Asker: 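Sending over a structure as structure tokens; questions will come in a sec.
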Amino acid sequence: MIKITLPDNSVREYESGVTGMDIAKSISHNLAKEVLSVSVNGETWDLTRPIKEDVSIKLYTWDDDEGKHAFWHSSSHLMAEALQELYPGVKFGIGPAIESGFYYDIDLGEDRVLTEADLSKIEAKMLELARAKSTYAREDISKEKALNFFNAKNEVYKTELISELTDGTITLYKHGNFTDLCKGPHLPGTEYIKSVKVTSLAGAYWRGDEKRKQLTRVYGISFPKQKLLEEYLMVLEEAKKRDHRKLGKELELFMFSSKVGMGLPIWLPKGAKLRERLENFLKKVQMKYGYEQVISPHIGQKELYVTSGHFEKYGKDSFQPITTPQEGEEFLLKPMNCPHHCEIYKFKPRSYRDLPIRLAEFGTVYRYEQSGELHGLTRVRGFTQDDAHIFCRPDQLKEEFIKVIDIVLYIFKTLSFKDYVAQISLRDPNNTTKYIGSDENWEKSERAIIEAAAEKGLKTTQVIGEAAFYGPKLDFMVKDAIGRKWQLGTIQVDYNLPERFNLEYIGSDDKPHRPVMIHRAPFGSMERFVAVLIEHTSGKFPLWLTPEQCVILPISEKFNDYAKKVLNFLNNYDIRSLIDERNEKIGRKIRDNELKRIPYLLIVGEKEAENNTIAVRKQGEGDKGVMTLQEFATFLTEEVRKETELLTNTEEP
RNA sequence: GCCGAUGUAGCUCAGUUGGUCAGAGCAGCUGAUUUGUAAUCAGCUGGUCGGGGGUUCGAAUCCCUCUAUCGGCUCCA
């Protein structure tokens, strides 16, 4: 007998060789029906794999990521089997479960391509194979045997993977007519998969290397119930309605013009006002934190970026230098503000007493992004960073870094961004050609970030190889409507540029010293931040930010004059409002302005004109009753004050 | 940049296999109506069907190419 410890710390005894499924059955019939995989001492196992010693287990269902993972991973094997049946000779790459669903990378050979018409065929075949109720069987074999097995099938991608594995034994999973190199875990059988959607096709380089062959990636998602698939598709539909590209157009916030150029956003009046308000908000916060605004030009001598290292790193993949006609001087559109700010630092000798110097600029930068990369406002070729560079003494670094974290968290809080990931991006020590600077500087920088984040109690994930070429970063990642992750706020420690630009300050010892730099942008870029803000709010911006706070709706043209009076009254309170003077019925005006996501609709007719009142309607909530002009102005001003309370009453940094 | 898809009026979309196929709704304009809480009615305007080539007696429809957009890959200072 062996002892099995359950998550509630209760211990049950079973025969050696008991499986996760046996245990589930012994607990409850329903659990046995729902369980998908099992954690055995922290490792996820198949439900059918025998347990032979005392362990702690946890049973995973569809409600657990681990359960879904096993489900989707098994689905990808099922899809592979379907592909093998439909397209004989297809070679398989990898086929993992992903955050929502799964994919399989396949090589169909030279003259075959999949098109979207094939997707439903694949679905149908998958469901057919699922109903065959094949079991997923695990098998450990020697590396040599595994190589022979896949060589015989000419599975070149699999043999490449196996030959790189260092484990003595290789694990295979087999179900139906399909056998795959795989660590598992898997569902007990294909019959668990009741509902399948093959969602899309894409090209994907083998092993993510653009120099290698591009395989066809088939994406899919599957569910244990048809209803769950329908719900998933509904959620996707809803998410599409929040897409900032759609809302940006509808709400007239920004546009693109292929005549101006792809990836070059154009801010329309309403979007520009919104952005301006965000900028002013941040300026106010930064002022409290001792930042000084500067303004630098949009281009800089090529030499400046040779000094900074940007030219060597990105020169080939940037907009190419612009040259002067007479002298042939070369200028680059600035891809970063830091070199300019380094020059500002060098404007005059700095004393240790002057530090930290915090130079802030809403700096517009231009970067050549590959055409396939462009995406609405989140990935563009020209954008404005809410940039600042802090030049400080080494002994001030941690304190300064923490203050920047405070600013980022404060902004996220003010704008209700709750769902973010703080990611520490470190360099890949095995790929030093990607980075500039000494190991010592890198170690110091990385330590500073890790310590500062820990000191703030920030929950972070660490990702190797994601650092900027000059230093490590603390990035704040936020998801968009359809779950894509974008980097917004970023804080970077940099010992390298001060060296390259030979920045100095005179210490208390009357000797020159090297300052440390912090690059930081709490929004990241105005474009990307506004994009994510649109998707998070689905265009219903907070009152203090929204382009138009209220719209006055006269019942008929007879009350237009009174409407103008209301408008003037509100204008005196800096309340942003407009009148819908169209010759339409009130129901129509309400509908149209609700759709424009204007927070307050103020209806004025005979009664209101007589009594100097307005009938107030809140966006999405309906009639709020009648108020006097004064009452409403006071109410709205108070609402805005509450929203921005944080802005004006921050604790002194 | 690579793979796949898409591109019809300002917007959302119809247009079977190439032959009155250039359409609808909304928006816009004009007029009527003067309206009380999510679409008043009528009339009108608007498109070399993304651009350019080609096949054909004939192309929105088929082919090539360019361009932009969408979903991914790679990249992201």
Side-chain angles (χ1 to χ4, degrees), chain A residues 103 105 113-119 199-219 240 243 245-246 249-250 252 255-259 261-263 305 308-315 317-318 334-339 365 367-376 378-381 385 387 425 434-436 466-471 473 475 482 484 486-487 490 492 494 497 519 525 528 553-560 583-595 601-608 615-617 619-620 622-625:
Chain A
Y103 66 79
D105 284 346
V113 274
L114 284 185
T115 68
E116 267 156 43
D118 297 309
L119 301 187
T199 47
S200 66
L201 295 168
Y205 300 109
W206 172 234
R207 313 200 83 176
D209 184 344
E210 63 180 328
K211 291 182 188 68
R212 305 199 63 180
K213 180 158 184 170
Q214 192 161 51
L215 306 180
T216 304
R217 177 167 297 178
V218 189
Y219 282 92
K240 268 192 200 157
D243 191 317
R245 291 166 299 185
K246 180 180 152 68
K249 201 188 282 182
E250 281 175 13
E252 298 185 1
M255 61 171 276
F256 288 91
S257 153
S258 56
K259 297 261 167 57
M262 60 159 95
Y305 299 100
S308 70
H310 288 97
F311 187 77
E312 194 198 338
K313 181 81 183 151
Y314 294 104
D317 301 313
S318 288
K334 80 173 164 189
M336 283 288 271
N337 301 300
C338 34
V365 296
R367 297 176 183 176
Y368 171 80
E369 303 284 3
Q370 299 185 105
S371 59
E373 268 314 324
L374 301 174
H375 181 91
T378 50
R379 194 77 188 270
V380 287
R381 285 178 171 174
Q385 295 178 313
D387 211 358
S425 302
K434 269 177 78 174
Y435 312 98
I436 59 169
E466 287 293 302
F469 75 93
Y470 50 74
K473 312 188 282 178
D475 290 332
I482 59 170
R484 277 184 287 225
W486 299 98
Q487 173 208 307
T490 178
Q492 310 170 2
D494 183 2
L497 286 193
H519 308 241
S525 86
R528 183 176 288 178
L553 312 181
I555 292 286
S556 82
E557 284 174 358
K558 284 194 280 192
F559 309 107
N560 282 359
N583 181 4
E584 293 290 351
K585 287 178 141 175
I586 197 65
R588 179 56 180 276
K589 291 189 186 181
I590 287 168
R591 180 186 154 79
D592 288 349
N593 287 291
E594 285 274 348
L595 292 175
L601 313 189
L602 311 178
I603 294 154
V604 294
E606 194 172 358
K607 283 178 279 181
E608 288 78 15
V616 179
R617 223 188 122 94
Q619 206 274 342
D623 199 348
K624 291 282 165 190

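Because the structure is predicted, anything quoted here is derived from the model rather than measured. Chain letters run A, B, ... following the sequence lines, proteins first and then strands; every chain starts at 1.
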Asker: Considering only the C1' atoms, how many Å lie between B/rG43 and B/rU6, rounded to the nearest integer?
Answerer: 36 Å
Asker: What string of B, S and - do you get for nucleotides 36-43 of chain B, 5' to 3', if B is base contact, S is sugar-phosphate-only contact and - is no contact with any protein heavy atom under 4.0 Å?
Answerer: BBBBB---
Asker: Would you tell me if any nitrogen or oxygen in the side chain of A/His375 comes within less than 4.0 Å of OP1 or OP2 on B/rU69?
Answerer: no
Asker: Can you tell me the pairing partner of B/rG28 across any strand shown, Watson-Crick or G-U wobble, with both distances under 3.5 angstrom?
Answerer: B/rC44
Asker: B/rA77, OP1 or OP2 - any side-chain N/O from A/Lys473 closer than 4.0 Å?
Answerer: yes
Asker: So which nucleotide does B/rG4 pair with, by the Watson-Crick or G-U wobble rule with both distances under 3.5 Å?
Answerer: B/rC70
Asker: May I ask you to verify whether the side chain of A/Arg379 and the base of B/rC76 hold a donor-acceptor pair under 3.5 Å?
Answerer: yes
Asker: Is A/Gln214 side chain donor-acceptor paired with the B/rC2 base, going by distance under 3.5 Å alone?
Answerer: yes
Asker: To the nearest 0.5 angstrom, please state how far the OG atom of A/Ser200 sits from the OH atom of A/Tyr103.
Answerer: 12.0 Å
Asker: Of all the nucleotides listed (B/rA77, B/rG1, B/rU12), which has the minimum atom distance to the side chain of A/Tyr205?
Answerer: B/rG1
Asker: What's the closest nucleotide to the side chain of A/Ser258 if the choices are B/rA68, B/rA77, B/rU12?
Answerer: B/rA68
Asker: Counting just side-chain N and O atoms, does A/Arg484 come under 4.0 Å of either OP1 or OP2 of B/rG71?
Answerer: yes
Asker: Would you give the length of the straight line joining atom CG of A/Asp494 to atom CD1 of A/Ile436, rounded to the nearest 0.5 angstrom?
Answerer: 7.0 Å
Asker: A/Arg217 has a side chain; which of B/rC75, B/rC76, B/rC73 sits nearest to it?
Answerer: B/rC73
Asker: Here's a test of your reading of the structure: between A/Gly208 and A/Arg245, which maps to the more 5' nucleotide of RNA chain B?
Answerer: A/Arg245
Asker: Tell me which nucleotide, if any, is Watson-Crick or G-U wobble paired with B/rC57 when both distances must be under 3.5 Å.
Answerer: B/rG19
Asker: Can you check the distance between B/rG46 and B/rG52, where both ends of the measurement are the C1' atom (answer in whole Å)?
Answerer: 25 Å
Asker: Restricting to nitrogen or oxygen on both sides, can you table the protein-nucleotides 16-18 of chain B pairs closer than 3.5 Å?
Answerer:
none

Asker: For B/rG51 versus B/rC57, give the span between their C1' atoms, rounded off to a whole number of Å.
Answerer: 26 Å
Asker: Is A/Phe469 stacked on the base of B/rA77 when the test is centres under 5.5 angstrom and planes under 30 degrees?
Answerer: no
Asker: If you check every side-chain atom of A/Arg367, which of B/rG4, B/rC76, B/rG72 has the closest atom?
Answerer: B/rC76
Asker: With the criterion being N/O to N/O and under 3.5 Å, what pairs connect the protein with nucleotides 47-52 of chain B, and how long is each?
Answerer:
none

Asker: Are the aromatic ring centres of A/Tyr435 and A/Phe469 under 6.0 angstrom apart?
Answerer: no
Asker: Using the P atom on both, measure B/rC26 against B/rC41 and round to a whole Å.
Answerer: 8 Å
Asker: Less than 4.0 angstrom between a side-chain N/O of A/Ser200 and OP1 or OP2 of B/rG72, yes or no?
Answerer: no
Asker: To the nearest Å, give me how far apart CD (A/Glu466) and P (B/rA77) are.
Answerer: 8 Å
